[in-house]
Amino acid sequence: MTDTLLHTVRAFTQSHADAAGLAQTPIAGLTTICASKPGGLDYAISRPLVCLVLQGSKQVTMGAQIVTLRAGDTLLITADVPTVSQIIQASADQPYLSLVLDLDHAVIADLVLQMDQPGNGNDSAVQVTPTEPDVADCAHRLFKICDRPATIAMLYPQLVRELHYWLLSGALGPAIRQLGWPESHTRRIARAIALLRSNYHETITADRLAAVAGMSPSSFYHHFRAVTALSPLQFQKQLRLIEARRMVMSEGMTASSAAYAVGYESVSQFTREYRRMFGLPPAQDRDAQLSGPRAAE
C-alpha cells in the first residue's frame with residue numbers, strides 16, 4: 001500500500017508543487033514535500049504533525065536528539081519545538097517525497113474519549129516508527145479525493161478522522177493520545193511553550209512557566225526536557241535565533257535590528273550565538289542563502 005500511496009502522491013506533487021517543492025492540498029493541514037536533490041539545513045518551529053516519508057530520506061534534529069527518516073517511516077512531532085532538518089537522499093529519478101498532516105487536537109480528544117486504550121508513552125516530542133498499513137491505506141484514500149473537488153467536502157472530514165483513528169490505534173498512539181488530554185504532561189508543557197512562543201523577546205522566569213504548566217518547578221524542568229530535549233532557556237534561545245534568521249532572510253533586517261527585535265541586549269552576543277547555531281554570521285548567512293543552498297558542514 002505504501003507503493004500505491006507513493007505513486008498517488010508523486011502524481012499530485014508533479015501537478016501542484018511550487019518552486020520549493022511544496023504542494024498544498026485542498027484539504028486543510030495536508031501538504032506534500034518533494035525534492036530532486038539533497039538540500040541544506042532547514043530551521044523551523046515544528047507544530048504537532050505526522051510526516052509519512054514515501055521516498056528518499058531526511059535527518060531531523062531536535063536538541064541533542066537526531067533521527068533519520070527513510071522511505072516507509074512515519075515521523076511524529078507532538079509539540080511546537082525547534083527542529084533542524086535536512087533532506088539527505090534524493091535524485092531526479094527518485095525524488096524525496098513525503099506527506100505531512102497537521103494533527104487535530106479536537107479530533108484526537110473526541111476519539112480518545114471513545115477509545116479504551118492506555119495513554120502512557122514516551123514523552124519525547126519527536127518519534128519515528130514504520131508506517132503502518134492501515135495508516136498508508138487511509139492516507140491513499142484521502143489523497144485520491146484531492147483532485148475531485150466535488151467529493152472533498154463530503155468525504156474529507158471522515159477520512160481525516162479515520163486517519164487519526166489509525167494513528168491512535170498504532171505504535172504512536174500513546175504519545176498522540178496525550179494531545180487529547182488537557183492535563184497530560186504533553187499538553188501542560190504545550191501551554192508553557194505557547195507562552196514562550198508568543199513572548200520569545202521577553203525574559204520569562206522558570207517559575208512563571210511552571211505555573212502556566214501547573215507543575216512544580218522541578219517537575220516542570222524534568223518534563224520540559226523530556227518533551228523538547230532542551231532546557232527552557234535553550235528553547236527560548238533557539239526560538240529567538242530562528243525568528244531573527246527569518247527577519248534577516250525575509251525582511252532584510254540588519255543583524256543589530258534583528259537582535260534587538262528578538263530580545264538580545266548585546267549584538268556581539270547575538271552574532272556569536274547566531275554563528276554557533278547556523279554556521280555563519282547573519283550577513284554572510286544571508287549572502288550564502290541568496291547564492292544558493294549550502295551543504296551542511
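All residue numbers in this chain count up from 1 along the given sequence. Note: hydrogens, waters and symmetry copies are ignored here, and every other heavy atom, side chains too, is used. Since the model is a prediction, treat every value here as computed from it, not as a measurement.
Put simply, CG on Leu280 and CD on Gln289 are 9.0 Å apart, with the number rounded to the nearest 0.5 Å. Expressed to the nearest 0.5 Å, how far CG of Leu101 lies from CG of Leu49 amounts to 8.5 Å. Atom-to-atom distance recorded for Arg286:CZ and Met253:CE is 11.5 Å, nearest 0.5 angstrom. For the atom pair CD1 of Ile242 and NZ of Lys237, the computed distance is 13.0 Å after rounding to the nearest 0.5 Å. Rounded to the nearest 0.5 Å, atoms SG (Cys138) and CZ (Arg161) are 12.0 Å apart. Distance CZ/Arg177 to CG/Leu167: 11.0 Å, rounded to 0.5 Å.
With hydrogens and angles left out, the side-chain atoms of Thr13 and Thr32 include a donor and acceptor closer than 3.5 Å. In this model, a donor atom of one side chain and an acceptor atom of the other lie less than 3.5 Å apart for Ser256 and Thr254. A donor-acceptor contact closer than 3.5 angstrom links the side chains of Ser266 and Ser268. Thr74 and Thr129 share no donor-acceptor pair across their side chains, judged by distance under 3.5 Å alone.
Nearest heavy atoms, Cys34 versus Pro95: SG-CB, 3.9 Å. Scanning both residues, Arg191 and Ala213, for their nearest heavy atoms gives NH2-O, 3.5 Å. Smallest separation of non-hydrogen atoms from Leu54 and Ala71: O-CB, 3.6 Å. The minimum heavy-atom distance linking Leu97 with Leu6 is given by the pair CD1-CD1, 3.6 Å. Closest heavy-atom contact between Ile152 and Pro157: O-CD, 3.9 Å.
One N or O on the side chain of Gln236 and one on the backbone of Glu202 form a donor-acceptor pair closer than 3.5 Å. In this structure, the side chain of Gln86 engages the main chain of Gly39 through a donor-acceptor pair within 3.5 Å. The backbone N or O of Pro133 sits nowhere less than 3.5 Å from a side-chain atom of Asp137 that would complete a donor-acceptor pair. Under the 3.5 Å distance criterion, the side-chain polar atoms of Arg187 are matched with a main-chain donor or acceptor of Leu179.
Put simply, the residue from Asp102, Asp104, Asp80 that forms a salt bridge (charged side-chain N to carboxylate O under 4.0 Å, His left out) with Arg47 is Asp102. Residue Thr131 forms a side chain to side chain contact (heavy atoms under 4.5 Å, CB included) with just one option from Leu52, Val53, Leu5, and that option is Leu52.
Under the 4.5 Å side-chain heavy-atom criterion for ILVMFWY residues, no single connected hydrophobic cluster contains both Phe224 and Tyr221. Note on Leu75 and Tyr43: same hydrophobic cluster, where clusters join Ile, Leu, Val, Met, Phe, Trp and Tyr whose side-chain heavy atoms are under 4.5 Å apart, directly or indirectly. In the hydrophobic cluster analysis, where Ile, Leu, Val, Met, Phe, Trp and Tyr join through side-chain heavy atoms closer than 4.5 angstrom, Phe278 is grouped apart from Val267.
The pair Glu243-Arg240 fails the salt-bridge criterion, with no side-chain N (NZ, NE, NH1 or NH2) lying under 4.0 Å from an Asp/Glu carboxylate O.
When the ring pair (Phe, Tyr, Trp, His ring centres under 6.0 Å) test is applied to Tyr264, the partners found at least two apart in sequence or on another chain are Phe270.
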